[in-house]
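To keep things clear, I will list the structure first and then write my remarks on it.
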Amino acid sequence: MKWKEIMINELRAIKPALEDFQTCGLEELLQEYQTDYKYYLHDKAVELFQVGELNKAKVFLLLSDACSMRLNPDSLNEPLQPLTIIDGKRSAIPDDFNSDDLKFFEEIIPYLQESALKARLAEIIWCRDRKPEYACIAIDSYQSIPLKEDEWFADGGAYWDRAIRLCFMLRAGAGNRLDDIETKLLAVFQRPIAEQKILAIHIANLLLKHHLGFDKSNNISENLENIAIHWRQEQDYFFERFCLTAAANWYQKAKNPDKANEILVKVAESFVAEAEFRQLSAFIAANYYSDAIHQYRKIPRKYRVQFDVENRVLQLKSLMQETALRATEQVGSIQIDPIDIGDLMGEARQRVTDKNIHEALVAFLNMYNGREVEDRRKEAEKTMQKFPVLSLFPTVHTAEDGRVIAKSDSGCLWNKMLEYYRMEIHLVTMGCILPALEILRLEHRLTELDFYSLTLNSPVIPERNRRLMAKALFFGYDGDYSTALHILAPQMESLIRYHLKQNGEQTTHIDDKGIEEEVGLNTLIDKPKIEEIFGKNIIFEIKALFCDPTGLNFRNEVAHGLINYDKAQGVYSLYVWWLMFKLTFNTLWNRYYSLNHSES
């Protein structure tokens, strides 16, 4: 039995008491680690357990489990979700706490000064027993979190979001709390522009999401426009567009469509400005020209003459085509030192620990850079030559329901390559990806909006796919690999089709009735230019994961509803999510790395 299981089993029977809490040393831990205290609660429980302080150890173990859960602000019934789910196992959820634990939380809440911890315990009681007074305690604690950028991006944004959601759930039971929250959020727009910057955009979006602050729509819109000017001066076009898009939404709420569409033109021209700024990379510039064209096409017909949309689109198409002639596809890996196989899990965790989010993601997504297809082929050939008996007989491949889905001739080199590939990515996922991911989740909270910011700017993701890809990547980071896989499987096919079309490949066929239809992934993957665009190694992985019936065959199993939950939530689904995250992130990172490297 593992050490953690031994400790948990011994502490399970202990009933925590208020006196144990008052003498356990929590205040000292909070003062020492401040906002990072949640990462040290479990360590303190282990330390106290080892010296025989079992009652105090139980206090820290309960608090550790309480703080380990992820907050989903929008959920009505399950706002606190497990941090990790893998292979049928999960971390703590509210249902794990028994009646003695809940009574203990009620006793200690009045003594807690740390807002996030107080809100978490109150939220657990609300989830379990639906006691309105504890929902109110949670709301008050959430809205006491300072409205500052560092607090907001740590967890504060989710806390304020959750406070509003609880107010709507309680209705009259929340008293004047919703009005108080609205007033505090609107007050941010009265601060100097330098203090608002990114924070004001997120607050504007939060207010819009919950239909608050509409009587201040014009003020908010104008404020966002002024912040956009600041970002243009800084040549940060992404945040300029972020502000302008939010401003357009607020002008629509203010029933001012003329101004809203004027702002949409500014969004399009922001893409053009960035295309001109990024001329060091033709591919990047062409991508931004394409984004500008798509943005102009969103403008309603009644405004197109006013803003000369048709002529501007023709100009941008010409610029895009000229730029595309010198563009080359680059989907390479970021080169970092390889991990020593001798201590996979420890090394993987170390790679991402105590780093800012960008450094952590570079390490997380490049600790394994795959292998050359030719090396895989040689390895398989060597095994078959060394053990020829293994290659004498044909192989029959069956599905989980017993159907024969493929047959392989004797001595099939491809099947041996797939067999070794499955073993390899299983080891990499369990030994590197999952341990590092657990640290990432502990140290960095990433929202769906963060992933949308990534897909919005990644050159590998088609414009129409960006929101869905962001959702898929967020679901995976949230531990819901099954949902991520069901989005990623068709999105992979769409991504490949898009880049083949961009490179002049035909992706449709006309049947004998004259109907033109899109061909499937298995046909797309054999197109002549596919390896030129994506590279042999990536194409091997796509075939092994999505296409081949002797491989994992995710595309077919998802499309036809053949996959079960365990497989969809399992190790290989986690790897698929990681691989798509890697492709999305690395293309964006390489774009800015190469640009900054050239400029420096």
Side-chain angles (χ1 to χ4, degrees), residues 33-40 67-68 70-73 83-84 116 145-146 148-161 197-199 201-202 205 231 234 236-239 242 333-337 339 347-369 432-461 466 469-479 484 574 577-597:
Y33 297 109
Q34 298 183 5
T35 56
D36 293 330
Y37 68 88
K38 67 179 83 169
Y39 307 126
Y40 299 95
C67 292
S68 73
R70 293 177 293 103
L71 177 64
N72 179 2
L83 180 67
T84 56
I145 303 295
K148 298 178 180 178
E149 281 188 10
D150 54 347
E151 297 275 359
W152 187 271
F153 294 116
D155 278 311
Y159 293 154
W160 282 86
D161 194 352
K197 298 176 82 173
I198 302 174
L199 178 61
I201 311 171
H202 286 279
N205 288 337
W231 288 116
E234 296 285 325
D236 195 320
Y237 301 99
F238 170 75
F239 281 115
F242 199 11
S333 296
I334 304 169
Q335 297 299 318
I336 63 174
D337 295 335
I339 290 179
E347 181 70 15
R349 292 188 181 104
Q350 189 61 37
R351 284 289 180 95
V352 298
T353 300
D354 295 331
K355 288 181 169 61
N356 66 45
I357 185 59
H358 301 104
E359 293 172 341
L361 288 178
V362 169
F364 173 60
L365 296 170
N366 294 279
M367 58 179 58
Y368 168 71
N369 282 327
C432 294
I433 296 173
L434 183 58
L437 180 58
E438 290 173 346
I439 299 299
L440 268 181
R441 287 168 174 158
L442 282 172
E443 296 189 357
H444 302 284
R445 178 180 174 270
L446 296 178
T447 66
E448 186 177 324
L449 183 59
D450 295 320
F451 284 102
Y452 182 55
S453 299
L454 171 62
T455 59
L456 191 66
N457 290 275
S458 176
V460 78
I461 306 300
R466 289 169 181 168
M469 280 296 297
K471 280 188 173 294
L473 296 179
F474 172 70
F475 281 130
Y477 194 75
D478 218 30
L574 170 52
W577 169 80
W578 176 85
L579 181 64
M580 291 297 288
F581 193 0
K582 174 188 178 78
L583 286 173
T584 306
F585 178 85
N586 278 4
T587 48
L588 176 61
W589 185 264
N590 287 337
R591 164 194 282 184
Y592 287 108
Y593 177 81
S594 60
L595 175 68
N596 294 334
H597 184 73

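The figures that follow rest on heavy atoms only: side chains count, while hydrogens, waters and symmetry mates do not. Positions are given from 1 along the sequence. Computed from a predicted structure; not experimentally measured.
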Of the options D478, T584, L446, which is the one that meets L473 in a side-chain contact (heavy atoms from CB on, under 4.5 Å)? T584

Minimum-distance pair of heavy atoms, taken over all atoms of A484 and W577: CB-CD1, 4.4 Å

Are any side-chain N or O atoms of W160 and backbone N or O atoms of I145, one a donor and one an acceptor, separated by less than 3.5 Å? yes

Look at the rings of F153 and H202 and say which category their plane angle falls in: under 30° parallel, 30 to 60° tilted, over 60° perpendicular. perpendicular

Judged by atom type as modelled, is there a donor-acceptor pair below 3.5 Å linking the side chain of E443 to the main-chain atoms of T353? no

Which one of L456, T455, I461 satisfies the side-chain contact (heavy atoms from CB on, under 4.5 Å) criterion with S458? I461

Closest approach of P435 to R349 (non-hydrogen atoms, all atoms of both residues): O-CG, 3.7 Å

Can you classify the ring geometry of F585 versus F581 as parallel (below 30°), tilted (30 to 60°) or perpendicular (above 60°)? perpendicular

Tell me if a side-chain donor or acceptor on H444 pairs with a main-chain N or O of H358 at a distance below 3.5 Å. no

Run the side-chain contact (heavy atoms from CB on, under 4.5 Å) check on L454 and M469 step by step: do they pass? CA-CA 10 Å; L454 171 62; M469 280 296 297; over 6 Å; no

Show the nearest heavy-atom pair for residues A363 and V352, with the distance to one decimal. CB-CG1, 4.2 Å

Looking at every heavy atom in both K582 and N366, which two are closest together, and how far apart are they? NZ-OD1, 3.3 Å

Near Q350 CD, under 6.0 Å, is it more than 12 heavy atoms from other residues, nucleotides or ligands? no

Is the number of heavy atoms from other residues, nucleotides or ligands under 6.0 Å of K471 NZ greater than 12? no

Nearest atoms (heavy-atom pairs only) where A116 meets Y159: CB-OH, 3.7 Å

So T447 and D450, side-chain hydrogen bond (donor to acceptor under 3.5 Å, both in side chains) or not? Walk me through it. CA-CA 5 Å; T447 66; D450 295 320; 3.1 Å; yes

Check the orientation of Y368 and W578. Use parallel for under 30°, tilted for 30 to 60°, and perpendicular for over 60°. tilted

Closest heavy-atom pair, L583 versus V460, reported as atoms and distance to 0.1 Å, is O-CG1, 3.8 Å

